[in-house]
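One structure below.
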Amino acid sequence: MPEERSLNFIEDIVEEDLAAGKYKHVHTRFPPEPNGYLHIGHAKSITLNFNLAKKYGGKTNLRFDDTNPTKEETEYVESIKEDVQWLGYKWDHEFYASDYFEQLYLFAETLINQGKAYVDDSSAETIALEKGTPTTPGITNSYRERSIPENLKLFREMRDGKYQDGEKVLRAKIDMAAPNMHMRDPVMYRIKHAAHHRTGLKWCIYPMYDFAHGQSDSLEHITHSICTLEFVPHRELYDWYIQQLGIFPSHQYEFARLNMSYTVMSKRKLLQLVQEGIVDGWDDPRMPTISAFRRRGFTPESIRNFCERIGVAKRENLIDFGLLEFCVREHLNKIAQRRMVVFDPLKLVITNFEENHVENLESDNNPENPADGKRNIPFTRELYIEKDDFMETPPKKYFRLAPGKMVRLKSAFIIQCNEVIKDEFGDIKELHCTYIPESRSGQDTSNIQVKGTLHWISALHTTSIELRMYDRLFTEEEPLKKEKDFLEYINPQSCIVLKNVYAESELLNATFHERYQFIRKGYFCLDKDTTAGHLVFNQTVGLKDSWAKEMKKA
RNA sequence: UGCCCGAUAGUAUAAGGGUAGUACAACAGUUUUUGGUACUGUCUGUCUUGGUUCGAAUCCAGGUCGGGCAACCA
């Protein structure tokens, strides 16, 4: 399918460039700022950049955009590297904008020498004021007319630590009346006496994004520098710096960032959720971060597939969270080991089954993949089924168990419900059923047709596990676009913990690598909170449930 | 009232002057020892007004609507 997919607009551009002989290779880069964890929106960018280089025979660098020491941390660098690798991508070089600080500094002196940059002593407020507004031009100040030697001397003094934070900045000398605000003498360097996660205290001046990004692209000979739409107005400046410096002409192309329903995709908002303890860290399985999806059991394949399906264009978009769920179900259906787990047990006694006898049955580990083999499951006189798989007075088209009705127990026998035993409060205590010996799975000679098949578990062979059931983090599709603060729309049901759930004992052998389908329920994986005696599973995603949908309609 | 970007089913995304297609969602059905999976079918779309043309989603002009831009953030 990916072979036949039509090209997106960036691939179009690349193919035109290649056809025109503009480049021989396509070099891209993924340039995160290490100030937070990667989210699914970054996955879209990662997929785009790496796939482009792979498809057209080029390289992709991982470059950390670390020009602001007060916000960036090594912890984030490590998490970003882990996430990119987990997604299945290998970068060509690992670079840091901070690798280029010396070179960028020299570029700045070059511009000063060309009379295209100057040191401004104004305060941040004054600079903002003099910049004007989108509808009114800015004004020039006297610092703009400083001589080249004076600018050079002051800039060197800035570098040498002679001034305090905010005392001076280096600005490009472009046009204070430019219709594009970014061209009104943008700041190139600011003073920050702060320790940088890589360069330590070596520098006290740091380049701004605009003066670092394009030059870094150029130094790496990035041919197609892909970023999101909010950088469109920066492109003019991106090109300007490269042109003044006469360096390798990287070009910037912009696409629309990913937005997904029922979540937020801003690093700032995600950080807020973490810091205010609304979620339990960056990898809380309800977060839209890569690390959260990993913990929750999503596969890298399914995320890559999702990123390829959503397409790349320039219009604002809101992708249905359901599409991601579809992608993960699609993959998990093929690879997940099937197991039986009863969430909410109802005891069932097979009255015509010998006491203390254990009948060994077997069941497919994965009907989608016979190579996964079968496993043993014990059948005994006392079993548990799901409480909601029984109804005393069932509605029409209810295929599950009811008084007098028959159902198949998965991979076992057909049973019939004969008697409902209740306690003194009238609550159902247990069900008495009989089984049809000739209906044994795989050797059924009973000729009885039943519509329903239930999962079940032998009461003598249960193991107790903890389940964490996740739902969307917000109750609203676009929590940021509602009238109230987005935190008001947190879904109180987004994490429900089921403590003592009965699972078949085969799950005692569960591994962190394996994915499971709890039959008729959903996909699950072992959580990192698991300890030797206590298994904890995360629900990755539920199975599609057309019966529940049917009931909702009624 | 400046500059820039955008507008195709509910949601995304194709069609590059010549049959508006695909996926998800929704709906109906077939198969089924998972009410899962698989399969089949159905529904819904070119923002608007003009122009160019034999022919316009596509090219041109005006309008409308949505988004971005005034950090010593990226």
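All chains are named by letter (A, B, ...) in the order of the sequence lines, taking the proteins before the strands, and each is independently numbered beginning at 1. Side chains are part of it too, since the values below use all heavy atoms of this structure and drop only hydrogens, waters and symmetry mates.
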Answer with base, sugar-phosphate or nothing: what part of the nucleic acid does [X] contact at a heavy-atom distance below 4.0 Å?
X	value
A/Lys549	sugar-phosphate
A/Pro32	nothing
A/Ser546	sugar-phosphate
A/Ser123	base
A/Leu318	sugar-phosphate
A/Lys481	nothing
A/Arg440	base

Looking only at atom [atom1], what distance separates [N] and [M], rounded to whole Å?
N	M	atom1	answer
B/G16	B/G21	C1'	15 Å
B/A9	B/G17	C1'	24 Å
B/A14	B/A70	P	29 Å
B/C59	B/U11	C1'	29 Å
B/C24	B/C39	P	9 Å

> Is there a donor on the side chain of A/Ser441 or the base of B/U33 sitting less than 3.5 Å from an acceptor on the other?
Replying inline: yes
> Any N or O donor-acceptor pair linking the side chain of A/Arg408 to the base of B/U33 at under 3.5 Å?
Replying inline: yes
> What nucleotide among B/C24, B/U37, B/G16 has an atom nearest to a side-chain atom of A/Leu323?
Replying inline: B/C24
>> Starting the side chain at C-beta, find the nucleotide from B/G16, B/C72, B/A74 nearest to A/Glu230.
In response: B/A74
> Sequence neighbours excluded, which residues qualify as salt bridge (charged side-chain N to carboxylate O under 4.0 Å, His left out) partners of A/Asp545?
Replying inline: none
> Under the salt bridge (charged side-chain N to carboxylate O under 4.0 Å, His left out) test, which residues partner A/Asp344, sequence neighbours left out?
Replying inline: A/Lys387
Using Watson-Crick or G-U wobble geometry with both distances under 3.5 Å, which nucleotide pairs with [N]?
N	value
B/U19	none
B/G63	B/C47
B/C27	B/G41
B/C3	B/G68

> Rounded to whole angstrom units, what separation is found between the CD atom of A/Glu362 and the C1' atom of B/U33?
Replying inline: 14 Å
> Can you tell which of A/Pro34, A/Pro31, A/Ser98 makes a side-chain contact (heavy atoms from CB on, under 4.5 Å) with A/Phe64?
Replying inline: A/Pro34
> Which residue, A/Asn360, A/Ile457, A/Leu409, forms the side-chain contact (heavy atoms from CB on, under 4.5 Å) with A/Phe379?
Replying inline: A/Leu409
Can you check nucleotides 1-7 of chain B for protein contacts, nitrogen or oxygen pairs under 3.5 Å, and list what you find?
residue: B/G2; atom: N3; partner: A/Pro134; partner atom: O; Å: 3.0

> Any idea which heavy atoms bring A/His196 and A/Tyr206 closest together, and the distance?
Replying inline: CB-OH, 3.5 Å
> If only atom types and distance count, is the side chain of A/Lys173 paired as donor or acceptor with the main-chain N or O of A/Arg144 below 3.5 Å?
Replying inline: yes
> Does the side-chain ring of A/Tyr209 sit on the six-membered ring of the B/A74 base, less than 5.5 Å centre to centre and under 30° in tilt?
Replying inline: no
> So, A/His213 and A/Arg29: side-chain donor and acceptor under 3.5 Å apart, yes or no?
Replying inline: yes
